[in-house]
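In what follows, a single structure is set out as structure tokens and then discussed.
Quick note on labels: first sequence line is chain A, next is B, and so on, each numbered from 1.
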There are 2 protein chains.
Amino acid sequence: MTDAIAYLDPRSGATYPLDVPRWCGDDGAPLMLTPMPGIGRDAIRQEARSLWRYAAALPFLPEAPITMGEGCTPLVPRVFAGATALLKCEWLMPTGSFKDRGAAVMLSLLRAQGIGHVLEDSSGNGGAAIATYAAAGGMRAKILVPATTSPAKTVQSRAAGAEIELTPGSRQDCADEALRQGQARRDGIFYASHNWHPFFLQGTKTLAYELWEDLGFRAPDNIIVPCGAGSNVLGCGIGFSELLRAGGIDRLPRIFAAQPANCAPIARAFLGEAPAAPLPTMAEGTAIAEPIRLRECLGVLEQTEGGAVMLTEAEIAAAALDLARGGIYAEPTSAQAAAAFAKLLEAGTIRAGETSVVVLTGTGLKATPRFAELMGVAL
Amino acid sequence: MTDAIAYLDPRSGATYPLDVPRWCGDDGAPLMLTPMPGIGRDAIRQEARSLWRYAAALPFLPEAPITMGEGCTPLVPRVFAGATALLKCEWLMPTGSFKDRGAAVMLSLLRAQGIGHVLEDSSGNGGAAIATYAAAGGMRAKILVPATTSPAKTVQSRAAGAEIELTPGSRQDCADEALRQGQARRDGIFYASHNWHPFFLQGTKTLAYELWEDLGFRAPDNIIVPCGAGSNVLGCGIGFSELLRAGGIDRLPRIFAAQPANCAPIARAFLGEAPAAPLPTMAEGTAIAEPIRLRECLGVLEQTEGGAVMLTEAEIAAAALDLARGGIYAEPTSAQAAAAFAKLLEAGTIRAGETSVVVLTGTGLKATPRFAELMGVAL
């Protein structure tokens with residue numbers, strides 16, 4: 001373990017030693033890690049066909065990573081809105097979403113620090129990834145979900161043996177209850193939230209290293225990412241900053257956050273629009289009304305001279321069907337990144353000749369009822 | 001195109017030129033291709049992170065393969081029934097199943113031969129793969145499914161823009177209707193059946209090359225495969241035979257076919273048991289009552305000194321949950337290969353110290369209702 005790396009509260013500057021497990025500051029603030037030096041191409045473990053190729057970039061190396069081949073996802077060129085986008089198919093992961101990057105790294109590091117029982121709140125891709133990687137690592141997992149969650153949404157986590165606790169009230173009430181239980185550390189359970197724990201971002205940052213290698217050790221010009229709590233925005237921000245620091249690239253790619261207009265706190269803040277009450281959206285994975293690292297997400301968009309795009313439900317639906325008609329079966333949450341690519345092109349913010357990566361985060365197989373609805377098929 | 005390669009009826013010895021598209025012999029017999037020389041490791045295209053690494057092993061090279069990163073799936077070691085199995089996670093494919101190997105290769109080759117409109121019959125993984133790769137290749141697809149098929153099963157194919165035709169009667173009636181339409185070639189449509197066309201097996205044979213490379217250019221001792229129509233049994237048979245011919249390996253791995261006891265025509269024939277009327281099984285993907293290449297499948301099991309295993313519904317269910325509890329979320333059809341691994345170990349047919357690959361063919365995300373039922377969760 002590198003002694004210099006510590007937990008960092010980026011707002012107060014407070015640091016905490018890395019080897020004592022924690023998921024927030026003493027005052028409850030969300031944490032990042034202190035900046036790391038990054039790695040060059042010689043440090044890539046050529047024999048690993050997974051994100052563990054970039055293990056040398058992690059804050060420390062667990063002896064036995066929990067791995068099921070996550071990462072090394074396809075980068076597929078597709079003409080969309082008249083220009084070529086490179087679709088990064090992040091749903092080709094063990095649990096069907098990009099969250100596996102974060103879950104594999106976070107739980108591997110936590111297990112190496114002695115954690116054996118984890119708490120999470122999510123009925124979506126995050127919960128499935130935590131439940132599944134906990135199972136793969138021989139750890140216990142408890143997942144809190146709102147009592148109103150459709151039972152179909154928790155089957156994957158239940159199959160992995162996770163304890164599912166139904167909480168009364170809204171999704172926010174559920175998150176609040178998870179925070180309470182996490183703070184209490186009842187029965188030694190550790191709050192390994194995909195939204196809170198900085199190790200999760202150490203997993204999503206491997207996307208930056210992977211894109212860099214995919215492109216022959218160059219950064220793309222633009223990366224367009226579906227954005228809810230912002231773990232891909234932040235992961236790319238951290239990863240490409242490390243690559244810049246290590247001399248692997250000479251400028252940062254522009255990072256763009258795609259959000260549903262119905263729930264777009266980060267995009268609204270970036271674009272200078274007044275906050276608005278969230279409305280339901282088919283881009284469920286990005287329906288995060290109060291992202292805990294909103295300020296840090298804005299920082300990445302500003303620092304990289306990227307931006308934010310808000311998509312209507314009709315634009316998201318059209319993009320999901322367009323992608324599917326070309327053989328790319330990604331969930332609507334993902335498709336908004338493709339819709340944003342089209343809007344950024346149209347606005348002249350990005351151009352057709354540039355290298356633009358569109359990150360598709362989740363599989364369409366988790367959105368069967370939604371696709372049926374979009375096509376007018378009764379289930 | 002290598003002139004020497006031709007379509008071959010392995011029973012009569014009749015051959016047909018490869019450059020005239022066809023899917024059966026003049027007498028309606030299923031076809032293979034004449035044996036090919038295979039490739040060595042120098043012929044692997046190192047820059048491709050997909051099955052197109054092994055493109056030099058195909059009967060001819062299409063100028064523009066239809067590809068979305070299929071292949072290069074993870075090989076994950078897991079202790080199961082007290083011994084280590086190497087789980088080949090073939091569901092980490094664009095449509096969620098191993099059928100993408102066959103669909104990508106078959107449709108790429110057919111498109112290069114001028115085919116633009118394909119016919120298929122399958123409401124399962126095969127249909128989804130054909131529909132999706134046709135969409136990816138700008139080809140039209142028509143998929144026949146029994147009228148009784150749950151609408152949820154065809155959402156993925158519909159989203160890819162395929163025409164879905166409901167046929168009256170049983171699954172066999174549907175296959176018969178597809179044969180009729182395929183023979184008629186009405187409107188120039190071509191029967192690109194994943195069960196019939198020998199190019200499909202040229203795709204599944206890449207699994208053999210990939211396992212060989214995964215294992216440091218060695219063959220495993222044993223490969224255990226869920227078996228319905230047998231495209232993985234035959235693909236592995238073809239691929240490893242080519243590797244033997246090319247000098248890449250010095251002996252064939254033993255290939256074992258796992259079938260549900262409720263529908264096990266190949267296993268029954270291999271084990272010398274009397275045919276039995278098929279019963280429903282949760283291993284839906286392998287519920288093929290009349291596999292058209294039964295004889296050729298038996299040939300592979302015999303030639304490789306492998307075997308066949310029949311699994312009860314209880315064994316399949318237990319294996320599916322066991323895998324899931326270890327983080328491997330594969331559909332029950334796949335799980336029977338893990339169950340077969342345990343039975344082969346117990347019987348002493350294979351041993352703990354050997355290198356045994358268990359092929360997991362489809363994602364658990366397509367089997368949500370089944371997993372819910374196994375766990376007693378009401379949806």
Side-chain angles (χ1 to χ4, degrees), chain A residues 47 49-50 66-76 78 87 89 91-96 128 131-138 150-156 158-161 164 214 216 320-321 323-329 363-372 374-375 377-379, chain B residues 47 49-50 66-76 78 87 89 91-96 128 131-138 150-156 158-161 164 214 216 320-321 323-329 363-372 374-375 377-379:
Chain A
E47 74 282 9
R49 195 171 61 210
S50 71
I66 307 169
T67 178
M68 297 186 287
E70 54 290 334
C72 288
T73 59
L75 188 67
V76 179
R78 271 283 181 284
L87 306 181
C89 299
W91 81 80
L92 286 186
M93 295 274 194
T95 78
T132 302
Y133 276 84
S150 143
K153 298 208 72 171
T154 52
V155 167
Q156 189 179 11
R158 286 181 197 271
I164 306 294
D214 285 345
L321 287 176
L323 287 172
R325 295 277 184 271
I328 300 289
Y329 197 51
T363 176
L365 293 175
K366 295 198 191 185
T368 299
R370 184 67 69 179
F371 271 103
L374 293 180
M375 297 187 293
V377 173
L379 291 188
Chain B
E47 73 282 10
R49 195 171 61 211
S50 71
I66 307 167
T67 179
M68 297 186 287
E70 55 290 335
C72 289
T73 58
L75 188 67
V76 179
R78 271 283 182 286
L87 306 181
C89 299
W91 82 79
L92 286 186
M93 294 275 193
T95 78
T132 302
Y133 276 84
S150 144
K153 298 208 69 170
T154 53
V155 167
Q156 189 180 11
R158 286 180 197 272
I164 305 293
D214 285 346
L321 287 175
L323 287 172
R325 296 277 185 269
I328 300 288
Y329 197 50
T363 176
L365 293 175
K366 295 197 191 187
T368 299
R370 183 67 69 179
F371 272 103
L374 292 180
M375 297 186 294
V377 173
L379 292 188

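Residue A/Phe371 comes nearest to B/Ala159 through the heavy atom pair CD2-CB, 4.1 Å, listed as atom of the first residue, atom of the second, then distance. Across all non-hydrogen atoms, the minimal contact from B/Thr368 to B/Leu365 is OG1-O, 3.5 Å. A/Ala135 approaches A/Ala160 most closely through the heavy-atom pair CB-O, 3.3 Å.
Chain A forms the most heavy-atom pairs under 4.5 Å with one residue out of B/Gly137, B/Gly96, B/Gly138, B/Ala324, and that residue is B/Ala324. The candidate from A/Leu379, A/Thr132, A/Val76, A/Leu92 with the greatest count of non-hydrogen atom pairs under 4.5 Å with chain B is A/Leu92. The most heavy-atom pairs under 4.5 Å with chain A, out of B/Gly161, B/Ala320, B/Ser50, B/Cys89, come from B/Gly161. Of the listed residues A/Ala152, A/Pro151, A/Gly326, A/Ala378, the one with more heavy-atom pairs under 4.5 angstrom with chain B than any other is A/Gly326. In terms of non-hydrogen atom pairs under 4.5 Å with chain A, the most contact-rich of B/Ala372, B/Pro94, B/Ala131 is B/Pro94.
For B/Arg325, the parts lying under 4.5 angstrom from a heavy atom of chain A are both the backbone and the side chain. Residue contact with chain A, scored on non-hydrogen atoms closer than 4.5 Å, involves the backbone and the side chain of B/Val155 alike. Proximity to chain A is limited to the backbone of B/Thr95, based on heavy atoms less than 4.5 angstrom apart.
Taken from NZ in A/Lys366 to OG1 in B/Thr363, the straight-line distance is 8.5 Å, to the nearest 0.5 Å.
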Let me check something: any side-chain donor-acceptor pairs from residues 66-75 of chain B under 3.5 Å, sequence neighbours excluded? List them with distances.
| from | atom 1 | to | atom 2 | distance (Å) |
| --- | --- | --- | --- | --- |
| B/Thr67 | OG1 | B/Gly69 | N | 3.3 |
| B/Thr67 | OG1 | B/Glu70 | OE2 | 2.7 |
| B/Glu70 | OE1 | B/Met68 | N | 2.7 |
| B/Glu70 | OE1 | B/Tyr133 | OH | 2.6 |
| B/Glu70 | OE2 | B/Trp52 | NE1 | 2.8 |
| B/Thr73 | OG1 | B/Lys88 | NZ | 3.2 |
| B/Thr73 | OG1 | B/Glu90 | OE2 | 2.7 |
| B/Thr73 | OG1 | B/Glu210 | OE2 | 3.4 |

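Inter-residue side-chain proximity for B/Leu323 and B/Leu87 is flagged as met; some heavy-atom pair is nearer than 4.5 Å.
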